[in-house]
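In this chain, residues are counted from 1 in sequence order. Keep in mind that this is a model prediction, so the values were computed, not measured.
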Amino acid sequence: MTVVVDERSLVDQLLRSPRLPMVARQLEKVLADEATQRQAFYNQITEGDKAEYINGEVIFHSPVKLRHNTASGHLYRLLSTFVLLQAEGFVGYEKILIALTRNDYEPDICYFDQAKADHFTDDQMRFPAPDFVVEVLSDSTAANDRGVKFDDYAAHGVREYWIIDPTAEVVEQYTLVGEHYELVMKSDNGTVTSLVLPDFAIPVRAIFDEQVNRETLHTLMQR
């Protein structure tokens, strides 16, 4: 379940509170401590780690179930092929570390338009907010995928966000409207069409079904 926080209301309450200076000092200390811990996180992780830094906590991820790997692999195959043949930009997979204002995430799939990709270097290990992010749910990540990441991606201008449930075989597609995401579709069938890459339209079943995935890949390559 996603929760939308009204930042303006929170700020207004603090501005009217006599405790504002005390709260400000507490926040400064928390953020300073997090900055130190975050740098230690950067120094600690290696290319072999699947790890994220979320609200002051380092989270190492365990291996995924086959259904998770299948769904993410199927979608990455289609999206990367489409971008290679039909569009511009860069598609990242699994271990691309997205460094936002406070947190660092490694989304399952992400897409950067060419304007951003032009600035990437071969040795780069931290990346800005993508234009399009896909997270595939697992038992250990679902709360963050629907919670802090949902809010954080929106706050940093990620224009499109897909949440894939590999157990129910359902895709949820969100688009950024103002400062928050709105649901475009939630389905286990039909066609899902990217809003960031509007020519990228695939059957939902191509994410979960090997045969449909192969057929869709063939169609993309024939365009």
Side-chain angles (χ1 to χ4, degrees), residues 1-2 34 37-84 90-100 102-112 120 122-130 132-153 156 158 160-174 186 188 192 202-214 216-217:
M1 177 179 180
T2 57
E34 282 192 8
Q37 294 163 1
R38 194 177 187 186
Q39 186 58 53
F41 166 72
Y42 292 150
N43 295 337
Q44 174 187 8
I45 58 172
T46 68
E47 292 183 37
D49 293 323
K50 173 72 173 176
E52 298 179 312
Y53 185 83
I54 302 178
N55 294 347
E57 181 181 1
V58 177
I59 299 174
F60 287 96
H61 293 285
S62 61
V64 299
K65 295 179 180 178
L66 179 59
R67 65 169 66 97
H68 182 292
N69 184 261
T70 297
S72 61
H74 281 172
L75 181 54
Y76 173 73
R77 181 189 303 167
L78 298 176
L79 182 60
S80 60
T81 298
F82 173 82
V83 170
L84 178 65
F90 173 74
V91 181
Y93 185 58
E94 287 194 345
K95 291 186 178 181
I96 297 295
L97 188 68
I98 306 303
L100 302 184
R102 184 183 181 190
N103 298 320
D104 300 276
Y105 307 117
E106 289 190 335
D108 291 293
I109 301 170
C110 55
Y111 166 76
F112 303 86
F120 295 166
D122 289 341
D123 293 327
Q124 187 165 336
M125 292 185 68
R126 298 200 292 271
F127 296 82
F132 173 24
V133 164
V134 178
E135 294 284 9
V136 181
L137 299 178
S138 64
D139 293 340
S140 61
T141 67
N144 284 334
D145 292 340
R146 295 189 180 280
V148 62
K149 289 186 181 183
F150 192 93
D151 188 39
D152 216 354
Y153 289 148
H156 287 83
V158 177
E160 184 170 1
Y161 183 30
W162 291 11
I163 295 177
I164 296 176
D165 184 336
T167 302
E169 298 191 347
V170 167
V171 175
E172 298 171 33
Q173 179 188 26
Y174 296 88
K186 178 179 180 179
D188 61 357
V192 58
I202 61 171
V204 169
R205 296 303 308 158
I207 299 172
F208 308 106
D209 185 286
E210 181 72 35
Q211 180 60 37
V212 179
N213 186 267
R214 284 197 296 267
T216 305
L217 181 63

Do [X] and [Y] make a side-chain contact, defined as non-hydrogen atoms from C-beta onward lying under 4.5 Å apart?
X: Glu160; Y: Val133; answer: no
X: Asp165; Y: Asp188; answer: no
X: Phe60; Y: Val58; answer: yes
X: Tyr93; Y: Asp108; answer: no
X: Glu169; Y: Thr167; answer: no
X: Lys95; Y: Glu47; answer: no

Tell me if a side-chain donor or acceptor on [X] pairs with a main-chain N or O of [Y] at a distance below 3.5 Å.
X: Thr141; Y: Leu137; result: no
X: Gln124; Y: Arg126; result: yes
X: Ser72; Y: Asn69; result: yes
X: Asn144; Y: Lys149; result: no
X: Asp151; Y: Gly147; result: no

Test Arg146 against Ile163 for side-chain contact (heavy atoms from CB on, under 4.5 Å), laying out the working first. CA-CA 8 Å; Arg146 295 189 180 280; Ile163 295 177; 4.1 Å; yes

Side chains of Glu172 and Tyr174: is there a donor and an acceptor less than 3.5 Å apart?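 Looking only at side-chain atoms, Tyr174 and Glu172 do form a donor-acceptor pair, the distance falling under 3.5 Å.
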
Taking atom types as modelled, is there a side-chain donor on Glu210 or His74 under 3.5 Å from an acceptor on the other? yes

Distance in Å, Leu75 CG paired with Thr216 OG1, rounded so as to fall on 0.5 Å steps: 11.0 Å

Find the distance between CD (Gln44) and CG (Asp49) and round it off to the nearest 0.5 Å.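 Between Gln44 CD and Asp49 CG, I get 7.5 Å after rounding to 0.5 Å.
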
Heavy atoms from other residues, nucleotides or ligands near NZ of Lys186 exceed 12 (cutoff 6.0 Å): no

Nearest heavy-atom pair of [X] and [Y]: which atoms, and what distance?
X: Pro130; Y: Tyr111; answer: CB-O, 3.4 Å
X: His68; Y: Val136; answer: NE2-O, 3.0 Å
X: Ile96; Y: Phe127; answer: CG2-CD1, 3.6 Å
X: Ala51; Y: Leu97; answer: O-CD1, 4.0 Å
X: Pro107; Y: Ile98; answer: CD-CG1, 3.6 Å
X: Phe208; Y: Pro166; answer: CE2-CA, 4.0 Å

The criterion is salt bridge (Lys or Arg N to Asp or Glu O under 4.0 Å); which residues satisfy it with Asp104, sequence neighbours excluded?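 Partners of Asp104 under the salt bridge (Lys or Arg N to Asp or Glu O under 4.0 Å) test: Arg38.
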
Among residues at least two apart in sequence or on other chains, which ones pass salt bridge (Lys or Arg N to Asp or Glu O under 4.0 Å) with Lys65?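 Counting only residues at least two positions away or on another chain, Lys65 forms a salt bridge (Lys or Arg N to Asp or Glu O under 4.0 Å) with Asp139.
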
May I ask you to check whether Phe132 and Phe112 place their ring centers less than 6.0 Å from one another?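 No, too far apart.
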
Please report the C-alpha distance between Ile59 and Tyr105 in whole Å, then the side-chain angles of each, then the deciding distance to 0.1 Å, and finally whether the side-chain contact (heavy atoms from CB on, under 4.5 Å) criterion is met. CA-CA 10 Å; Ile59 299 174; Tyr105 307 117; over 6 Å; no

Which of parallel (below 30°), tilted (30 to 60°) and perpendicular (above 60°) describes Tyr161 and Tyr153?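 Ring orientation of Tyr161 relative to Tyr153: perpendicular.
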
Just to verify, which of Val91, Ile164, Val171 counts as forming a side chain to side chain contact (heavy atoms under 4.5 Å, CB included) with Val134? Ile164

Let me see the working for Glu106 and Lys50 under side-chain contact (heavy atoms from CB on, under 4.5 Å), right down to the final yes or no. CA-CA 7 Å; Glu106 289 190 335; Lys50 173 72 173 176; 3.2 Å; yes

With side-chain contact (heavy atoms from CB on, under 4.5 Å) as the criterion, how do Leu78 and Leu217 come out once you've worked through the C-alpha distance, each side chain's angles and the decisive distance to 0.1 Å? CA-CA 6 Å; Leu78 298 176; Leu217 181 63; 3.9 Å; yes

List the residues meeting ring-ring contact (aromatic ring centres under 6.0 Å, His included) with Tyr53, not counting sequence neighbours, and say none if there are none. Phe41

Would you call Glu34 and Arg102 a salt bridge, using N to O less than 4.0 angstrom? yes

